[in-house]
There are 2 protein chains.
Amino acid sequence: MQTHFTIDCVVYSFFEGDLQVLLTERNEYPYKDWWALPGFFVGNLEEMEDAVKRISYELTGLKDVFMEQLGAFAGVKRHPQGRILTVAYSTIVRYDDVKSQIKPVTDYMRQAKWFPVKELPELAFDHKEIIDKSLQKLKSTVNYSTAVYELLPEKFTLTQLQQVYESILNKELDKRNFRKKIANLGFLKELPEVQKGVSYRAARLYKFDKRKFQKSFGVE
Amino acid sequence: MQTHFTIDCVVYSFFEGDLQVLLTERNEYPYKDWWALPGFFVGNLEEMEDAVKRISYELTGLKDVFMEQLGAFAGVKRHPQGRILTVAYSTIVRYDDVKSQIKPVTDYMRQAKWFPVKELPELAFDHKEIIDKSLQKLKSTVNYSTAVYELLPEKFTLTQLQQVYESILNKELDKRNFRKKIANLGFLKELPEVQKGVSYRAARLYKFDKRKFQKSFGVE
DNA sequence: TCAAAAGTGTTGTGCATACACCCATGC
DNA sequence: GCATGGGTGTATGCACAACACTTTTGA
């Protein structure tokens, strides 16, 4: 058989202390006026990875770094107009770089907006299920992937890093134990700089050292 | 766009001390005479999970137990006649139940045959890549899934269990440490029976206790 | 009695957890 | 000087790795 074939992106970012997901407000039937994952049809000769890049680029103006396929969703009833197979991917963009640039570029959607994963609106299609699965995967791989570092600016404090872990794992972590663990991993490079513009003791800044990461996990 | 849409199954079994994969010999172009994963087109109103069940049933006469989606493969060039999107699944059948029943049921393939994963022939399409990815996933989840027990007969010895682990992880394990670990997990029920028909000391038989497994990992 | 595999304990190491106080800074 | 978050150490338990010998059985 033949089927329509789309890509849906779970685009993550991190700001205001929360893990956030980018959603679009649909301007077309079905599910007109509902919030949905940004998704598009894939071009005839377009590789899926390129389609994901294109979609996050068109929506955010940025090149994505982290990209992971989540799986195919093809329930016969997932789309009211007949089966449409979608392949879900997750991507991550740095909020600092993208802040003021989020805007929809097609007529299919009215606006794009970040939502904290803790407070998602009701979603079109099976997109809630897709996000749940994506979060579950993110959670289970958080220790072995670069995702947390893609979510942070290039230079970050240990407290920021801990906040990212906490919002992905959805639980609080002990500060001392967390720092011990991170120090053990040895992926971070301590910078000779500290935070600026805070009205309390400025925190040390760190940088992710990708080479050391790859040494630990075997280059992939 | 629209695309053709198939399911490919990585069907595992375990015998002769090795993890084995079921392959079919193609009788049609493209890749006529090549070995390939058993795969079929999905029916218009057929759910993917049902298609997987149907395929493993048609090839082995058995109902599969373990089933896991691996992901979508949709490279523009993966099929010489234009893009065909395939969703790969892995399934497991018990060799004891299936031994003498493997036979192809369509004209598209000449025969079905088990191959040890250590000695695969050259494969059609991107099926090597699919198997590699599936093995990698099996490896990384072996401790948290029921897969190993689906690969064994209902009653099994600890040595058999260890062999399954070893062939999935592709490395040798220490007997004492392995047994300690398994005992700790607490999923196994010791039976009042021992092995029969061996010319050396008969080993104790065990059974997998699914309820205890689910208690440990939270029912899913 | 021999061959083959079954079965069994101890020790060291590293990692996760629990837990509370002083320090530096800007205002 | 005070409010705010930054930064630090120790003790315990558990999972994992290394390592070798005795026991049981059938032939």
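Letters go in sequence order (proteins before strands), and every chain restarts at 1. On a predicted model such as this, the values are computed, not experimentally measured, just so you know.
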Would you kindly give the [atom1]-to-[atom2] distance between [X] and [N], to the nearest whole Å?
X	N	atom1	atom2	value
B:Leu205	C:dG7	CG	C1'	15 Å
B:Lys175	D:dA18	NZ	P	17 Å
B:Glu190	C:dA6	CD	C1'	13 Å
B:Gln162	C:dG7	CD	P	12 Å
A:Asn143	C:dC15	CG	C1'	12 Å
B:Gln163	C:dA6	CD	C1'	13 Å
B:Glu172	D:dA18	CD	P	12 Å
A:Leu185	C:dC15	CG	P	9 Å

*asked:* Heavy atoms from C-beta onward define the side chain here; which of D:dA27, C:dA6, D:dG7 lies closest to that of B:Arg201?
replied: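 Among the listed nucleotides, the one closest to the side chain of B:Arg201 is C:dA6.
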*Does the cation-pi check pass for A:Arg54 over A:Phe40, that is, NZ or CZ under 6.0 Å from the six-membered ring centre and within 45° of its axis?*
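Checked: cation-pi criterion met.
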_side chain to side chain donor-acceptor pair (under 3.5 Å) between B:Asn143 and B:Lys181, intermediate numbers included_ = CA-CA 10 Å; B:Asn143 284 308; B:Lys181 173 181 154 154; 2.9 Å; yes
*Examine the base of C:dT8 for any acceptor or donor lying under 3.5 Å from a partner atom in the side chain of B:Lys180, and report the outcome as yes or no.*
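Counting by modelled atom types and ignoring angles, no donor-acceptor contact under 3.5 Å is found here.
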*With nearest nucleotides of DNA chain D determined for B:Asn184 and B:Ala202 from heavy-atom distances, which residue corresponds to the more 5′ nucleotide?*
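Closest to the 5' end, via its nearest nucleotide, is B:Asn184.
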*Nearest-nucleotide wise, let me know which of B:Lys171 and A:Gln195 is further upstream toward the 5' end of DNA chain D.*
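The 5'-side residue here is A:Gln195.
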*Hey, which sits more toward the 5' end of DNA chain C by its nearest nucleotide, A:Val198 or B:Tyr200?*
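Comparing both residues, the 5'-ward one is B:Tyr200.
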*Using the ring of each side chain (for Trp, its six-membered ring), is B:Tyr31 parallel, tilted or perpendicular to B:Trp34, with breaks at 30° and 60°?*
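Perpendicular: the ring planes of B:Tyr31 and B:Trp34 meet at over 60°.
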*Parallel, tilted or perpendicular, as decided by the 30° and 60° cut-offs, for the rings of A:Tyr149 and A:Phe156*: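 Tilted, since the angle between the ring planes falls between 30° and 60°.
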*Name the nucleic acid region contacted by B:Arg204, choosing base, sugar-phosphate or nothing; use a 4.0 angstrom heavy-atom cut-off, strictly under.*
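If one applies the 4.0 Å heavy-atom cut-off, B:Arg204 turns out to touch the sugar-phosphate alone, with no base involved.
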*For A:Asp174, answer base if it contacts any base atom (sugar-phosphate contacts may also be present), sugar-phosphate if it contacts only those atoms, and nothing otherwise; contact means non-hydrogen atoms under 4.0 Å.*
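Base, at least one base atom sits under 4.0 Å.
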Side-chain N or O of [X] less than 4.0 angstrom from OP1 or OP2 on [N]?
X	N	result
B:Thr159	C:dA6	yes
B:Asn177	D:dA18	no
A:Arg176	D:dG7	no

_Identified side-chain contact (heavy atoms from CB on, under 4.5 Å) partner of B:Ile92 from the options B:Leu19, B:Leu151, B:Val11_ =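 That would be B:Leu151.
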